[in-house]
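Everything numeric here is computed off the predicted structure, so don't read it as measured data. Read the numbers this way: they start at 1 and go in the same order the structure lists the ligands and their atoms.
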Amino acid sequence: MEIEIATIGGYEEVGRQMTAVRAGEDIVIFDMGLNLSKVLIHDNVETEKMHSLDLIDMGAIPDDRVMSELEGDVQAIVPTHGHLDHIAAIPKLAHRYDAPIVATPFTIELVRQQIQDEGKFQVDNDLVKMNAGGTMAIGDSEQVELEFVNVAHSVIDAINPVLHTPEGAVVYGLDKRMDHSPVIGDPIDMDRFREIGREGEGVLCYIEDCTNAGRKGRTPSESVAREHLHDVMRSVEDYDGGIVATTFSSHIARVSSLVEFAREIGRQPVLLGRSMEKYSGTAERLDFVDFPGDLGMYGHRKSVDRTFKRIMKEGKENYLPIVTGHQGEPRAMLTRMGRGETPYELDDGDKVIFSARVIPEPTNEGQRYQSEQLLRMQGARIYDDIHVSGHLREEGHYTMLDALQPQHVIPAHQNLEGLAPYVDLCRSQGYKLDRDLHVTENGNVFQLVE
Ligand SMILES: [Zn+2]
């Protein structure tokens, strides 16, 4: 069976991920993401109203015109998890394909919300839920099957999809951490990866996420970040002023730890900001997390300001606002608090907890610096970097290669510089550039089996 891979987006950057695999007549698309930094750099860009081609020209979404080079029918669009660099181009591109969108329940719900917000295109592809561990026949050949293998990442319900073909498995390995004790959900299913590496024809091709390939050792478990956070929260237990925390809104495990520790130190947690309300509300509705019944979540400006006024009246020492703005995003809640635009007043000695790492990108770094300075000017004390990454480091990559023993490897999810450490690792394991190790660019198609 002919096997082709189209590296459409996310092979020159972290963002706008999209890959297509053709097995015979059947094509499966993995991810359709947005490169948020290309959007944020412009003031007042409303992607909801923009045309796909303009967004492609901006470099914000994958240039999927290369799909016309693949001869076959798209049978499924498979977003691997709910991060925007994996799902947020679906409203702009999915309607061009007569195929269902297949993902885990939490991811499907986030995709549904993305599609609802779209103002330009009518996306009415079927939304099909499949859990980790599930399988699905692809096309009519009865020879191609899609499988979801459970992984751990910084958003719940993440999987690595595997396309089983008569020529071997194609494993799409983007975005995972080798976590054996995650705070929410099951550990990464390494047993299944090892099986896939050894059954049938083995692994034909492995596409790997190189985000942290240049970092030595292994990425710690989410339970380590939770313990770190616990330590920080206990250390400020006796403080009788304001404490504010921020983290990734989509990081439900971390938000849930913050909520739990707030109560442990005698404070009422409250979630503030539009995306806080969106992600935590969705996770709670789908029963991924069991928040206390009286946990407030407010997204709209007016209800947020009302909550801040109530906190000021009843005493800041009684509350822990958990807010958006961990990267210093100009319109996020924490940044507005730093600028003094909310009714919440910071005093000398108040604590601000960043349970996040600055995403190493100049725009983020600049905005985060500015936000932190504004907070410090009001006397805030900063606790930062209380975080573990969602991406594998070197030893995780080594373990995956050992488990899967792939015939071909394609590094992804980085720029050329970021791919280099992974290329070095593969070469040390016997892979050779252009023979079985393929460094590529956006917009390429190559044939693995003729
Ligand atoms: Zn991700």
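- Residue contact annotation: D175 places an N/O/S atom under 2.8 Å from the Zn ion (ligand 1).
- Distances from the Zn ion (ligand 1) show that H81 has an N/O/S atom below 2.8 Å.
- Judged purely by distance below 3.5 Å, without hydrogens or angles, the side chains of H387 and S355 never pair a donor atom with an acceptor atom.
- Under the 3.5 Å distance criterion, with hydrogens and angles disregarded, no donor-acceptor pair is assigned to the side chains of E329 and T324.
- A donor-acceptor pair shorter than 3.5 Å can be found between the side chains of D26 and Q75.
- Looking at D189, its side chain does come within 3.5 Å of a backbone N or O of R192 through a donor-acceptor pair.
- Rounding to 10°, one obtains 90° for the angle at the Zn ion (ligand 1) between ND1 (H83) and NE2 (H153).
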